[in-house]
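Working notes for the structure below.
What you are looking at is a predicted structure, and each value in this text was computed from that prediction instead of being measured. Just so it is clear: chains get the letters A, B, ... in the order the sequence lines come, proteins before strands, and each one is counted from 1.
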Protein chains: 2
Amino acid sequence: MASLGDLERSVMSLLWDGGQRLSANEVRDQLDESLAVTTVLTVLSRLEKKGMVHRERSTRPHRYAATASREEHTVEMLNEVLGTVPDREAVLARFIGGVSDSEATALRKILSK
Amino acid sequence: MASLGDLERSVMSLLWDGGQRLSANEVRDQLDESLAVTTVLTVLSRLEKKGMVHRERSTRPHRYAATASREEHTVEMLNEVLGTVPDREAVLARFIGGVSDSEATALRKILSK
DNA sequence: CGGGATTTCTACACATCGTAGAACGTTGGT
DNA sequence: ACCAACGTTCTACGATGTGTAGAAATCCCG
(Lines give C-alpha, C1' and ligand atoms only; values in the text may rest on other atoms or scores of the structure.)
Protein backbone atom coordinates (compact mmCIF):
# COMPACT_ATOMS: atom_id res chain seq x y z
CA MET A 1 0.00 0.00 0.00
CA ALA A 2 2.61 2.52 1.05
CA SER A 3 5.20 1.84 -1.59
CA LEU A 4 6.92 4.98 -2.81
CA GLY A 5 8.45 6.11 -6.07
CA ASP A 6 11.84 7.78 -6.18
CA LEU A 7 10.61 11.33 -6.08
CA GLU A 8 8.02 10.54 -3.45
CA ARG A 9 10.73 9.03 -1.33
CA SER A 10 12.96 12.09 -1.72
CA VAL A 11 10.15 14.33 -0.60
CA MET A 12 9.39 12.15 2.42
CA SER A 13 13.06 12.13 3.29
CA LEU A 14 13.06 15.88 3.35
CA LEU A 15 9.99 16.07 5.53
CA TRP A 16 11.42 13.44 7.86
CA ASP A 17 14.88 14.90 8.22
CA GLY A 18 14.32 18.58 7.77
CA GLY A 19 11.80 18.72 10.51
CA GLN A 20 8.49 20.39 9.90
CA ARG A 21 5.84 22.04 7.91
CA LEU A 22 7.40 22.85 4.60
CA SER A 23 5.62 24.62 1.77
CA ALA A 24 5.73 23.23 -1.74
CA ASN A 25 8.21 25.91 -2.73
CA GLU A 26 10.52 25.10 0.14
CA VAL A 27 10.41 21.44 -0.79
CA ARG A 28 11.26 22.30 -4.35
CA ASP A 29 14.14 24.53 -3.29
CA GLN A 30 15.62 21.97 -0.95
CA LEU A 31 15.35 19.17 -3.47
CA ASP A 32 16.62 21.69 -5.97
CA GLU A 33 16.58 19.46 -9.00
CA SER A 34 14.98 22.31 -10.96
CA LEU A 35 11.57 20.76 -10.61
CA ALA A 36 8.39 22.63 -11.43
CA VAL A 37 6.44 23.53 -8.33
CA THR A 38 3.40 21.88 -9.79
CA THR A 39 5.32 18.64 -9.89
CA VAL A 40 6.08 18.91 -6.21
CA LEU A 41 2.46 19.77 -5.49
CA THR A 42 1.26 16.75 -7.39
CA VAL A 43 3.60 14.51 -5.45
CA LEU A 44 2.57 16.06 -2.15
CA SER A 45 -1.08 15.51 -3.00
CA ARG A 46 -0.43 11.89 -3.80
CA LEU A 47 1.47 11.45 -0.56
CA GLU A 48 -1.43 13.04 1.25
CA LYS A 49 -3.83 10.61 -0.38
CA LYS A 50 -1.59 7.79 0.78
CA GLY A 51 -1.85 9.14 4.30
CA MET A 52 1.84 9.86 4.56
CA VAL A 53 1.72 13.62 4.82
CA HIS A 54 -0.61 15.99 6.57
CA ARG A 55 -1.54 19.20 4.77
CA GLU A 56 -2.27 22.39 6.60
CA ARG A 57 -4.96 24.01 4.51
CA SER A 58 -5.51 26.99 6.80
CA THR A 59 -2.25 28.80 6.09
CA ARG A 60 -1.80 30.40 2.74
CA PRO A 61 1.04 28.62 1.30
CA HIS A 62 -0.24 25.25 2.48
CA ARG A 63 2.29 23.52 4.66
CA TYR A 64 3.09 19.85 4.66
CA ALA A 65 4.47 17.53 7.30
CA ALA A 66 5.01 13.79 7.57
CA THR A 67 2.23 12.08 9.50
CA ALA A 68 4.58 9.49 10.97
CA SER A 69 8.26 9.54 11.74
CA ARG A 70 10.61 7.74 9.47
CA GLU A 71 11.08 5.07 12.10
CA GLU A 72 7.36 4.57 12.61
CA HIS A 73 6.80 4.32 8.92
CA THR A 74 9.66 1.90 8.42
CA VAL A 75 8.44 -0.33 11.22
CA GLU A 76 5.09 -0.39 9.47
CA MET A 77 6.87 -1.50 6.31
CA LEU A 78 8.69 -4.23 8.20
CA ASN A 79 5.44 -5.53 9.59
CA GLU A 80 3.88 -5.38 6.18
CA VAL A 81 6.66 -7.55 4.81
CA LEU A 82 6.37 -9.92 7.75
CA GLY A 83 2.64 -10.09 7.17
CA THR A 84 3.21 -11.80 3.84
CA VAL A 85 4.61 -14.96 5.40
CA PRO A 86 2.93 -17.70 7.41
CA ASP A 87 5.67 -17.91 9.98
CA ARG A 88 6.98 -14.57 11.24
CA GLU A 89 9.30 -16.13 13.75
CA ALA A 90 11.05 -18.30 11.22
CA VAL A 91 11.89 -15.20 9.24
CA LEU A 92 12.98 -13.24 12.29
CA ALA A 93 15.20 -16.07 13.40
CA ARG A 94 16.91 -16.08 10.05
CA PHE A 95 17.14 -12.32 10.00
CA ILE A 96 18.77 -12.16 13.38
CA GLY A 97 21.14 -14.92 12.40
CA GLY A 98 22.47 -12.56 9.79
CA VAL A 99 23.00 -9.35 11.72
CA SER A 100 26.40 -8.10 12.77
CA ASP A 101 27.75 -8.85 16.23
CA SER A 102 27.45 -5.26 17.32
CA GLU A 103 23.88 -5.10 16.16
CA ALA A 104 23.11 -8.36 17.93
CA THR A 105 24.50 -6.87 21.11
CA ALA A 106 22.32 -3.82 20.69
CA LEU A 107 19.28 -5.98 20.15
CA ARG A 108 20.02 -8.01 23.26
CA LYS A 109 20.16 -4.85 25.27
CA ILE A 110 16.86 -3.59 23.91
CA LEU A 111 15.19 -6.91 24.65
CA SER A 112 16.50 -7.10 28.18
CA LYS A 113 14.84 -3.89 29.24
CA MET B 1 13.49 -4.48 -6.96
CA ALA B 2 11.81 -7.69 -6.05
CA SER B 3 8.31 -6.38 -5.49
CA LEU B 4 5.65 -8.81 -6.59
CA GLY B 5 2.17 -8.49 -7.97
CA ASP B 6 -0.72 -10.56 -6.64
CA LEU B 7 -0.49 -13.35 -9.15
CA GLU B 8 3.29 -13.42 -8.97
CA ARG B 9 3.04 -13.76 -5.22
CA SER B 10 0.54 -16.62 -5.51
CA VAL B 11 2.87 -18.47 -7.83
CA MET B 12 5.84 -17.95 -5.53
CA SER B 13 3.76 -19.14 -2.60
CA LEU B 14 3.05 -22.34 -4.43
CA LEU B 15 6.67 -22.92 -5.31
CA TRP B 16 7.69 -22.16 -1.75
CA ASP B 17 5.12 -24.31 0.01
CA GLY B 18 4.50 -27.07 -2.43
CA GLY B 19 8.11 -27.95 -2.58
CA GLN B 20 9.72 -28.46 -5.94
CA ARG B 21 10.01 -28.29 -9.65
CA LEU B 22 6.53 -27.67 -10.89
CA SER B 23 5.59 -27.36 -14.53
CA ALA B 24 3.48 -24.47 -15.77
CA ASN B 25 0.51 -26.78 -16.04
CA GLU B 26 0.88 -27.99 -12.49
CA VAL B 27 1.10 -24.43 -11.28
CA ARG B 28 -2.05 -23.58 -13.16
CA ASP B 29 -3.89 -26.58 -11.77
CA GLN B 30 -2.90 -25.90 -8.20
CA LEU B 31 -3.78 -22.24 -8.40
CA ASP B 32 -6.88 -23.37 -10.26
CA GLU B 33 -8.36 -19.96 -10.89
CA SER B 34 -9.08 -21.08 -14.46
CA LEU B 35 -6.08 -19.23 -15.75
CA ALA B 36 -4.71 -19.71 -19.24
CA VAL B 37 -1.45 -21.63 -19.20
CA THR B 38 0.14 -18.86 -21.22
CA THR B 39 -0.64 -16.49 -18.40
CA VAL B 40 1.18 -18.71 -15.95
CA LEU B 41 4.08 -19.02 -18.35
CA THR B 42 4.33 -15.26 -18.71
CA VAL B 43 4.37 -14.83 -14.97
CA LEU B 44 6.96 -17.56 -14.54
CA SER B 45 9.16 -15.92 -17.16
CA ARG B 46 8.90 -12.60 -15.38
CA LEU B 47 9.74 -14.22 -12.08
CA GLU B 48 12.73 -15.85 -13.75
CA LYS B 49 13.89 -12.48 -15.04
CA LYS B 50 13.57 -11.15 -11.51
CA GLY B 51 15.80 -13.97 -10.37
CA MET B 52 13.17 -15.48 -8.15
CA VAL B 53 12.66 -18.78 -9.94
CA HIS B 54 15.01 -21.15 -11.65
CA ARG B 55 13.86 -22.77 -14.88
CA GLU B 56 14.93 -26.22 -15.89
CA ARG B 57 15.15 -26.01 -19.65
CA SER B 58 16.44 -29.54 -20.19
CA THR B 59 13.25 -31.39 -19.33
CA ARG B 60 10.40 -31.19 -21.73
CA PRO B 61 7.80 -29.54 -19.79
CA HIS B 62 10.17 -27.02 -18.29
CA ARG B 63 10.12 -27.17 -14.54
CA TYR B 64 10.29 -24.24 -12.21
CA ALA B 65 11.53 -23.88 -8.65
CA ALA B 66 12.07 -20.97 -6.30
CA THR B 67 15.69 -19.88 -6.18
CA ALA B 68 15.49 -18.90 -2.53
CA SER B 69 13.34 -20.12 0.31
CA ARG B 70 10.48 -17.97 1.45
CA GLU B 71 12.44 -17.10 4.57
CA GLU B 72 15.56 -16.15 2.66
CA HIS B 73 13.59 -14.00 0.32
CA THR B 74 11.69 -12.30 3.10
CA VAL B 75 14.86 -11.54 5.00
CA GLU B 76 16.15 -9.93 1.84
CA MET B 77 13.02 -7.80 1.76
CA LEU B 78 13.51 -6.80 5.37
CA ASN B 79 17.06 -5.72 4.67
CA GLU B 80 15.91 -3.82 1.63
CA VAL B 81 13.45 -1.90 3.75
CA LEU B 82 16.07 -1.28 6.40
CA GLY B 83 18.42 -0.09 3.70
CA THR B 84 16.17 2.88 3.02
CA VAL B 85 16.84 4.49 6.38
CA PRO B 86 19.95 6.15 7.76
CA ASP B 87 19.69 4.46 11.15
CA ARG B 88 18.87 0.77 11.09
CA GLU B 89 19.16 0.36 14.83
CA ALA B 90 16.68 3.12 15.59
CA VAL B 91 14.14 1.28 13.47
CA LEU B 92 14.94 -2.10 14.96
CA ALA B 93 14.63 -0.71 18.47
CA ARG B 94 11.20 0.60 17.67
CA PHE B 95 10.23 -2.60 15.94
CA ILE B 96 11.22 -4.73 18.86
CA GLY B 97 9.41 -2.40 21.21
CA GLY B 98 6.24 -3.39 19.43
CA VAL B 99 6.46 -7.16 19.31
CA SER B 100 4.42 -9.43 21.53
CA ASP B 101 5.84 -10.79 24.76
CA SER B 102 6.04 -14.29 23.42
CA GLU B 103 7.84 -13.14 20.34
CA ALA B 104 10.25 -11.09 22.46
CA THR B 105 11.01 -14.21 24.42
CA ALA B 106 11.68 -16.13 21.26
CA LEU B 107 13.99 -13.41 20.02
CA ARG B 108 15.90 -13.39 23.28
CA LYS B 109 16.46 -17.09 22.97
CA ILE B 110 17.72 -16.78 19.40
CA LEU B 111 20.10 -14.01 20.39
CA SER B 112 21.49 -15.88 23.35
CA LYS B 113 22.69 -18.80 21.31
C1' DC C 1 -10.33 45.65 -8.46
C1' DG C 2 -5.99 43.74 -10.64
C1' DG C 3 -2.07 40.93 -10.80
C1' DG C 4 1.19 37.91 -8.83
C1' DA C 5 1.32 33.78 -5.92
C1' DT C 6 -0.78 29.39 -5.08
C1' DT C 7 -3.44 25.49 -5.86
C1' DT C 8 -6.20 22.33 -8.71
C1' DC C 9 -7.14 20.03 -13.06
C1' DT C 10 -5.85 17.66 -16.89
C1' DA C 11 -2.61 15.18 -19.49
C1' DC C 12 1.12 12.50 -21.26
C1' DA C 13 4.98 9.14 -21.33
C1' DC C 14 6.78 5.25 -19.31
C1' DA C 15 6.98 1.05 -16.36
C1' DT C 16 4.75 -2.89 -14.24
C1' DC C 17 1.33 -6.47 -14.00
C1' DG C 18 -2.63 -9.49 -15.18
C1' DT C 19 -4.28 -11.48 -18.99
C1' DA C 20 -4.19 -14.26 -23.06
C1' DG C 21 -4.30 -15.16 -28.32
C1' DA C 22 -1.23 -16.22 -32.29
C1' DA C 23 2.64 -18.07 -33.94
C1' DC C 24 6.32 -21.12 -33.52
C1' DG C 25 8.91 -25.37 -31.99
C1' DT C 26 9.16 -30.28 -30.54
C1' DT C 27 8.26 -35.00 -30.37
C1' DG C 28 5.92 -39.50 -30.21
C1' DG C 29 3.28 -42.56 -32.89
C1' DT C 30 1.99 -44.47 -37.15
C1' DA D 1 8.93 -38.78 -42.76
C1' DC D 2 4.72 -36.56 -41.35
C1' DC D 3 1.19 -35.06 -38.56
C1' DA D 4 -1.14 -33.88 -34.49
C1' DA D 5 -0.93 -32.74 -29.75
C1' DC D 6 1.47 -30.49 -26.50
C1' DG D 7 4.61 -26.87 -24.88
C1' DT D 8 6.97 -22.40 -25.37
C1' DT D 9 7.74 -17.77 -27.10
C1' DC D 10 6.01 -13.43 -29.07
C1' DT D 11 3.11 -9.83 -29.15
C1' DA D 12 -0.40 -7.10 -27.25
C1' DC D 13 -3.89 -4.76 -24.59
C1' DG D 14 -6.02 -2.62 -20.50
C1' DA D 15 -5.30 -1.05 -15.83
C1' DT D 16 -2.59 1.21 -12.47
C1' DG D 17 1.24 3.94 -10.54
C1' DT D 18 4.69 7.49 -11.06
C1' DG D 19 7.38 11.57 -12.83
C1' DT D 20 6.53 15.44 -15.12
C1' DA D 21 4.37 19.82 -15.99
C1' DG D 22 1.17 23.23 -18.61
C1' DA D 23 -3.49 25.45 -18.26
C1' DA D 24 -7.00 26.90 -15.67
C1' DA D 25 -9.01 28.31 -11.49
C1' DT D 26 -8.56 30.53 -7.02
C1' DC D 27 -6.92 33.61 -3.58
C1' DC D 28 -5.21 37.64 -1.35
C1' DC D 29 -2.29 42.03 -1.01
C1' DG D 30 -2.09 46.50 -2.25
Side-chain angles (χ1 to χ4, degrees), chain A residues 1-16 20-67 73 76-77 80-81 84, chain B residues 1-16 20-67 73 76-77 80-81 84:
Chain A
M1 285 292 129
S3 78
L4 302 181
D6 289 345
L7 182 53
E8 291 175 332
R9 180 162 299 280
S10 299
V11 170
M12 284 313 298
S13 236
L14 225 131
L15 295 179
W16 277 326
Q20 275 74 18
R21 275 152 239 289
L22 300 180
S23 72
N25 264 302
E26 288 163 345
V27 170
R28 199 267 315 274
D29 293 345
Q30 289 186 51
L31 287 184
D32 181 86
E33 303 202 55
S34 66
L35 286 176
V37 188
T38 50
T39 299
V40 174
L41 280 163
T42 301
V43 168
L44 284 167
S45 290
R46 288 176 182 165
L47 287 171
E48 189 194 17
K49 187 182 298 181
K50 291 185 190 182
M52 301 207 41
V53 309
H54 169 74
R55 180 203 301 241
E56 227 163 303
R57 288 191 153 85
S58 47
T59 69
R60 191 44 190 163
H62 293 182
R63 303 209 149 258
Y64 303 81
T67 52
H73 171 256
E76 221 177 280
M77 294 288 91
E80 210 170 282
V81 169
T84 66
Chain B
M1 287 292 129
S3 79
L4 302 181
D6 289 345
L7 183 51
E8 289 175 333
R9 179 161 299 279
S10 299
V11 170
M12 284 313 298
S13 235
L14 224 126
L15 295 179
W16 278 326
Q20 275 75 18
R21 277 152 237 290
L22 299 181
S23 72
N25 263 301
E26 287 163 346
V27 170
R28 198 266 316 270
D29 292 346
Q30 290 187 49
L31 289 184
D32 182 86
E33 304 202 54
S34 65
L35 287 175
V37 188
T38 51
T39 299
V40 174
L41 280 163
T42 301
V43 169
L44 284 167
S45 290
R46 289 176 182 165
L47 288 171
E48 190 194 16
K49 187 182 298 180
K50 293 185 190 183
M52 302 208 40
V53 310
H54 169 76
R55 181 203 300 242
E56 228 164 302
R57 286 192 153 85
S58 48
T59 69
R60 192 43 190 164
H62 293 182
R63 303 209 149 259
Y64 303 81
T67 53
H73 172 257
E76 223 178 276
M77 295 286 92
E80 211 169 281
V81 169
T84 67

Counting heavy atoms from C-beta on, name the nucleotide in [options] closest to the side chain of [X].
X	options	value
B/H62	C/dT19, D/dT20, D/dT8	D/dT8
B/T38	D/dT9, C/dC17, D/dT20	D/dT9
A/E8	C/dA20, D/dA21, D/dT18	D/dT18
A/R60	D/dT9, C/dC17, D/dT26	D/dT26
A/P61	C/dT6, D/dA21, D/dT8	C/dT6
B/L35	C/dA20, D/dT8, D/dA21	C/dA20
B/R46	C/dT19, D/dA21, C/dT8	C/dT19
B/D6	D/dA21, C/dG18, C/dT7	C/dG18
A/R55	C/dT7, D/dA21, C/dG18	C/dT7

Sugar-phosphate, base or nothing in reach of A/T42, heavy atoms under 4.0 Å: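 Answer is base: heavy atoms of A/T42 come under 4.0 Å of a base.
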Sugar-phosphate, base or nothing in reach of B/L7, heavy atoms under 4.0 Å: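 Sugar-phosphate contact only - B/L7 comes under 4.0 Å of backbone atoms but never of a base.
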Ion pair check, B/E56 and B/R21, cut-off under 4.0 Å: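 Salt bridge present between B/E56 and B/R21.
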It should be established whether [X] places a side-chain nitrogen or oxygen under 4.0 Å from OP1 or OP2 of nucleotide [N].
X	N	value
B/N25	D/dG7	yes
A/S10	D/dG19	no
B/K50	C/dC17	yes
B/T39	C/dG18	no

Min side-chain heavy-atom separation B/L35-B/V43 under 4.5 Å: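 Side-chain contact under 4.5 Å: no.
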Heavy-atom side-chain proximity of A/D29 to A/E26 below 4.5 angstrom: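 No - every pair of side-chain heavy atoms lies 4.5 Å or more apart.
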Atom pair distance, as rounded to whole Å: [atom1] in [X] and [atom2] in [N]:
X	N	atom1	atom2	value
B/L22	D/dT8	CG	C1'	17 Å
A/E48	D/dT18	CD	P	16 Å
A/L41	C/dA5	CG	P	15 Å
A/L4	D/dT16	CG	C1'	16 Å
B/K49	C/dG18	NZ	C1'	15 Å
A/R28	D/dG19	CZ	C1'	16 Å
A/R9	D/dT18	CZ	P	11 Å
B/M52	C/dC17	CE	P	11 Å

From CG (A/L4) to CE (A/M12), nearest 0.5 Å: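 These two atoms lie 7.0 Å from each other.
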Check: A/E80 main-chain N/O paired with A/T84 side-chain donor or acceptor under 3.5 Å: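 Looks like no, no N/O pair under 3.5 Å.
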With A/T67, the side chain to side chain contact (heavy atoms under 4.5 Å, CB included) member among A/E48, A/K50, A/H54: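 With A/T67 as partner, side chain to side chain contact (heavy atoms under 4.5 Å, CB included) holds for just one option, A/H54.
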Upstream residue (5' side of DNA chain D) when B/R63 and A/A36 are each assigned their closest nucleotide: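 Its nearest nucleotide lies further toward 5', so the answer is B/R63.
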